[in-house]
Asker: 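Have a look at this one before I ask anything.
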Amino acid sequence: MNSPDPARHSTHPLRTKSPWLNPRRKRFWFVVVVALYTLVGFFVVPLIVKNSVLDLIQEDLGRTAHIEAVEFNPYLLSLGVHGFEMNDTDGVRLAAFGEFSVDFQLSTLLRRAWTFGEIRMVGFYFYFERFNTSDTRLNRLLTDVARDQHGEPAVANGGKSTWGFNIDELVLEGGSLDLADQNTTPTANIGIRSLQIKLTGINSQDGKRSPLSLSGSLEEGGGFGLDGSLRIAPEFSLTGNARTRGLALSAGEPYAQQYARVLIETGYLDSDVEISATANEDITVSGAIQVTDLEVKDTIENERLLGWNELDIDHFDLNLTAGNLRLSHLVFAQLFSRIVIFKDLSTNLASLVNKPTEGSTEADEDTSETTKTNQFNIIVGGIRVDDGAMEFSDLSLPLPFATFITNLNGAVSSIATNSSEPANIKLEGQVDEYGLARIDGTINMFDPVQHTGIVLEFRNLLMSELSPYTIQFAGHEIDEGRLDLELQYAIDEGRLQGSNDIVISDLLLGGKIEHPDAASLPLGLAVALLKDANGVIDIDLPVEGDINDPEFRVGGVIWKAFTGLITRVATAPFRLLGKLISSDTEDLGEFQFLAGRFDLTPPELEKITQLEEALRLRPNLVVEVSGVIDPTIDIPALKYIHLHAILLTLLGEDSKENDDETMLLDTETRPLLESLFKERYPDAQLATLKAQYMTPATNEAESKAVLDELAYVAKLKDRLMAAEIIGEHELVGLAQARAEIIKTAFRASGKLDEHRVRIVKPREVVSEDGEWVKLELAVANG
């Protein structure tokens with residue numbers, strides 16, 4: 001019989017296995033803690049972060065925001081935020097990013113510093129807008145932040161040590177910035193795209209520098225970058241090498257328009273510079289700059305104003321703290337500029353400068369005072385122009401002048417704002433095919449009123465190119481001619497002295513063209529009077545005055561001088577002709593005739609000789625002779641001459657020896673007068689007329705009255721002259737005879753061509769002395 005198993009009959013109970021997640025076990029609670037940590041970290045913390053951020057923005061800042069998702073890894077201590085966007089109070093998007101991540105390091109507890117492995121923001125966007133000089137969207141946001149903190153400043157910790165921070169790497173990539181400035185007209189809008197910023201080893205330790213890399217591009221075109229280092233403590237400091245490549249200058253156009261009415265069509269900036277900046281605003285910048293393909297137009301006339309193919313500045317040094325800017329040579333390749341001098345000597349450049357608006361006086365005064373105390377010193381090593389061009393117009397000249405200069409080369413010497421030493425200018429270029437243009441002299445570039453000595457010289461210019469200007473000026477085209485022009489202006493402490501030497505060769509005016517702005521000047525006649533035998537017109541117009549006088553206008557002085565010259569020449573041409581032959585005769589073009597007569601006296605014949613000599617020097621002039629009469633004195637004289645001729649005829653040939661006044665008293669003449677009286681007045685009684693001139697006897701021996709023969713004959717003569725009739729044709733004949741005698745005298749020597757003296761329509765005049773009739777010659781452009 002088998003014996004029973006002792007184990008089965010043991011009095012000790014069997015040992016059972018306890019559950020692994022026994023609440024009585026520590027491991028259970030460890031698992032619970034881990035699970036809770038995981039749940040809270042992965043699910044709760046993202047909700048808390050998301051809601052807290054949104055509530056903070058909404059309730060404390062008064063802005064709206066949106067977050068697509070928040071992720072937190074409690075084991076890696078990394079936080080990720082996706083799809084963030086914040087709008088301003090008016091709904092404008094202020095900031096956004098696609099992804100933001102932060103890796104927190106546990107070493108924070110050991111280092112007593114907030115430590116992050118990497119902070120990264122991808123696809124970020126920020127919008128900055130300025131409304132006026134002190135009001136921006138950022139300022140409004142910071143004001144709301146300060147208001148939320150009740151305006152209480154942070155309390156210092158009494159000098160106790162504080163926690164610092166360490167960031168292994170800060171990366172901002174794929175960013176965009178939009179900058180809007182409402183303080184300009186038009187509004188300035190600048191877009192920055194593809195912005196990349198990388199900063200490594202950021203540390204709050206004193207003197208620790210962090211490498212910095214930055215790059216981006218402008219929406220308008222071009223890119224920029226910076227490689228350097230940044231120090232945060234104990235003071236901010238930045239050093240690095242910055243560069244731009246093809247940066248579009250048109251982005252700064254709204255700012256340029258605050259100062260000038262210009263439009264930047266193209267222009268690109270390339271630069272390589274070294275930058276150093278500190279917290280106390282000690283900023284220095286040095287390096288090289290190149291500006292290419294610049295095109296600037298003025299917005300007034302919509303014309304090209306300034307441009308160049310390339311501007312090279314080999315080196316520059318800028319120190320904002322010291323207020324100094326030093327530039328090496330400025331080298332312009334294919335520089336173009338358009339300069340217009342108007343009638344009042346103002347320029348198109350001055351007209352483009354924007355005038356201060358109302359209400360800016362106080363600000364301008366403050367700026368002026370600041371400028372006086374903090375004047376910025378600029379030194380330029382010189383300016384060189386290679387293969388430049390200039391469009392130059394001077395409408396202040398007597399003949400409005402315009403030309404286009406090419407192949408312009410030359411230089412301007414060193415200039416400095418803190419020096420009174422004037423700069424030397426030497427430029428030379430080509431005008432048209434064979435013309436020359438030169439600019440030579442000295443000028444204080446920053447205060448030209450104190451010193452300017454400039455000579456602008458133009459040689460061998462085609463006058464036909466000036467027709468558009470002479471039409472506007474005097475209503476005439478120019479068919480032919482060449483111009484030499486030398487303009488000299490010297491200004492010393494506000495006093496101007498200058499001259500305009502204008503030499504015109506072989507000038508030939510074209511047709512008359514009506515123009516509403518054309519001055520009423522006898523330009524054709526003036527040209528003929530001024531042009532010498534060689535076809536040259538030489539005009540010298542001196543100019544002087546006080547520029548400091550607000551009423552002084554150089555252009556006005558020049559214009560007045562020229563119009564005065566033209567007027568004097570046209571109204572007193574014979575005075576000019578007299579000067580040509582050194583004659584001081586005041587009445588060279590005036591001829592005197594006795595009443596009723598047309599013979600020339602010896603003094604008048606001398607004038608003919610003098611005029612012939614002067615007219616040879618002005619071959620384009622034609623003398624116009626208008627016969628004259630004064631009926632008041634010419635008719636009585638003609639009646640006398642007519643009566644006298646009748647008596648001579650009746651007396652026969654022998655009486656011509658007594659052809660004078662005494663002939664009327666001859667015993668032979670008196671019967672003739674009485675006979676003529678009876679014919680003219682058949683109804684009159686001659687005895688009655690004679691009785692009127694009988695006088696009583698002068699002594700007792702004479703018993704009869706005596707005839708006053710002189711009075712009687714004089715009365716007969718007066719009655720007979722009154723009976724004479726002088727017709728219009730006889731007056732015209734006298735005028736014509738006077739004109740013919742002058743023309744004949746001019747032709748007698750054979751020195752003048754027949755066509756250069758012509759007779760024109762006669763006219764009536766009034767004698768100045770009642771004895772002589774004055775005939776005034778005229779001249780015309782032949």
Side-chain angles (χ1 to χ4, degrees), residues 522 525 570-575 577-578 585-612 615 621-649 656 659-661 663-664 676 680 714 716-749 752 754-780 782:
L525 174 58
T571 56
F574 293 97
R575 184 175 300 172
L577 293 174
T585 303
E586 293 291 332
D587 56 353
L588 191 59
E590 299 176 1
F591 290 80
Q592 301 276 3
F593 292 93
L594 282 170
R597 292 169 53 176
F598 56 88
D599 56 309
L600 288 174
T601 63
E604 311 306 288
L605 291 173
E606 182 185 17
K607 293 178 184 178
I608 295 289
T609 303
Q610 293 175 329
L611 282 174
E612 285 179 331
L615 289 170
L621 283 180
V622 171
V623 175
E624 293 183 337
V625 188
S626 174
V628 294
I629 54 168
D630 180 356
T632 303
I633 65 173
D634 276 331
I635 289 178
L638 286 175
K639 288 183 175 183
Y640 174 81
I641 293 172
H642 193 194
L643 177 61
H644 197 264
I646 293 174
L647 291 174
L648 288 177
T649 301
K656 292 183 178 179
D659 186 12
D660 55 25
E661 182 71 19
M663 182 190 69
L664 295 178
L676 289 173
R680 300 290 189 271
L716 284 175
K717 182 188 69 172
D718 291 341
R719 293 290 298 274
L720 288 172
M721 285 178 57
E724 292 294 328
I725 298 175
I726 303 298
E728 181 69 22
H729 68 283
E730 291 179 282
L731 290 173
V732 173
L734 176 61
Q736 191 71 15
R738 287 168 173 171
E740 289 287 353
I741 197 67
I742 292 177
K743 182 176 182 180
T744 301
F746 270 114
R747 295 177 57 189
S749 66
L752 290 181
E754 183 178 356
H755 75 276
R756 296 196 61 191
V757 181
R758 63 189 178 206
I759 297 176
V760 296
K761 184 178 179 180
R763 56 194 176 89
E764 289 188 9
V765 296
V766 177
S767 174
E768 295 177 355
D769 58 5
E771 185 177 6
W772 295 87
V773 180
K774 183 167 65 177
L775 184 153
E776 294 185 7
L777 299 181
V779 291

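Scope of the values below: all heavy atoms of this structure, side chains included, with no hydrogens, waters or symmetry mates.
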Asker: Going through the checks in order, is the side-chain contact (heavy atoms from CB on, under 4.5 Å) test met by Phe593 and Leu600?
Answerer: CA-CA 7 Å; Phe593 292 93; Leu600 288 174; 3.7 Å; yes
Asker: Write out all pairs satisfying side chain to side chain donor-acceptor pair (under 3.5 Å) with one or both partners inside residues 723-732, taking only residues at least two apart or from two chains.
Answerer: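 Residue pairs with at least one partner in residues 723-732: His642-Glu724.
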Asker: Calculate, to the nearest 0.5 Å, the distance between atoms CG and CG belonging to Leu643 and Leu638 respectively.
Answerer: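 Going from CG on Leu643 over to CG on Leu638, the span is 12.5 Å.
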Asker: Please report the interatomic distance CD(Gln736) to CZ(Phe598), rounded to the nearest 0.5 Å.
Answerer: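 Taking CD in Gln736 and CZ in Phe598, the distance rounds to 11.5 Å.
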Asker: Can you tell me how far NZ of Lys639 sits from CD1 of Ile725, rounded to the nearest 0.5 angstrom?
Answerer: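 The distance works out to 8.0 Å.
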Asker: Extract all donor-acceptor atom pairs below 3.5 Å that involve side chains of residues 762-769 and protein atoms in other chains or at least two apart in sequence.
Answerer:
{"unit_1": "Ser767", "atom_1": "OG", "unit_2": "Asp769", "atom_2": "N", "d": "3.4"}
{"unit_1": "Ser767", "atom_1": "OG", "unit_2": "Asp769", "atom_2": "OD1", "d": "3.2"}
{"unit_1": "Ser767", "atom_1": "OG", "unit_2": "Gly770", "atom_2": "N", "d": "2.9"}
{"unit_1": "Ser767", "atom_1": "OG", "unit_2": "Trp772", "atom_2": "O", "d": "2.6"}
{"unit_1": "Glu768", "atom_1": "OE2", "unit_2": "Lys774", "atom_2": "NZ", "d": "2.9"}
{"unit_1": "Asp769", "atom_1": "OD1", "unit_2": "Glu771", "atom_2": "N", "d": "2.9"}
{"unit_1": "Asp769", "atom_1": "OD1", "unit_2": "Trp772", "atom_2": "N", "d": "2.9"}

Asker: Might you point out which heavy atoms bring Val628 and Arg738 nearest each other, and give the distance in Å?
Answerer: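 Closest pair (atom of Val628, atom of Arg738, distance): O-NH1, 2.9 Å.
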Asker: If you define the side chain from C-beta out and look only at heavy atoms, does anything of Ile629 sit under 4.5 Å from Val773?
Answerer: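 Ile629 does not reach Val773 side chain to side chain.
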Asker: Short question: side chain of Asp634, backbone of Gly596 - any donor-acceptor pair under 3.5 Å?
Answerer: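 Flag set: sc Asp634 to bb Gly596 pair under 3.5 Å.
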Asker: Can you give the donor-acceptor pairs under 3.5 Å from side chains of residues 741-748 to other protein atoms, not counting sequence neighbours?
Answerer:
{"unit_1": "Thr744", "atom_1": "OG1", "unit_2": "Glu740", "atom_2": "O", "d": "2.8"}

Asker: Which heavy atom of Pro636 sits nearest to which heavy atom of Pro631, and what is that distance?
Answerer: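 That would be CD-O, 3.8 Å.
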Asker: Do you know which of Val622, Val757, Leu621 makes side-chain contact (heavy atoms from CB on, under 4.5 Å) with Leu615?
Answerer: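 Testing Leu615 for a side-chain contact (heavy atoms from CB on, under 4.5 Å) against Val622, Val757, Leu621 leaves exactly one candidate, Leu621.
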Asker: Which value, rounded to the nearest 0.5 Å, describes the distance between Ile726 atom CD1 and Leu731 atom CG?
Answerer: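 The distance works out to 7.5 Å.
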Asker: For side-chain contact (heavy atoms from CB on, under 4.5 Å), just list the numbers for Leu752 and Val623, CA-CA rounded to whole Å, side-chain angles, deciding distance to a tenth of an Å, and then say yes or no.
Answerer: CA-CA 10 Å; Leu752 290 181; Val623 175; 5.7 Å; no
Asker: Can you tell me how far apart CG (Asp599) and CG (Leu594) are? Round to the nearest 0.5 Å.
Answerer: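 Here the rounded value is 7.0 Å.
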Asker: Which heavy atom of Tyr640 sits nearest a heavy atom of Lys717, and at what distance?
Answerer: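 Nearest pair, atom of Tyr640 first, then Lys717: CE1-CD, 4.3 Å.
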Asker: Can you tell me how far apart CG (Leu775) and CD (Gln592) are? Round to the nearest 0.5 Å.
Answerer: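 Here the rounded value is 9.5 Å.
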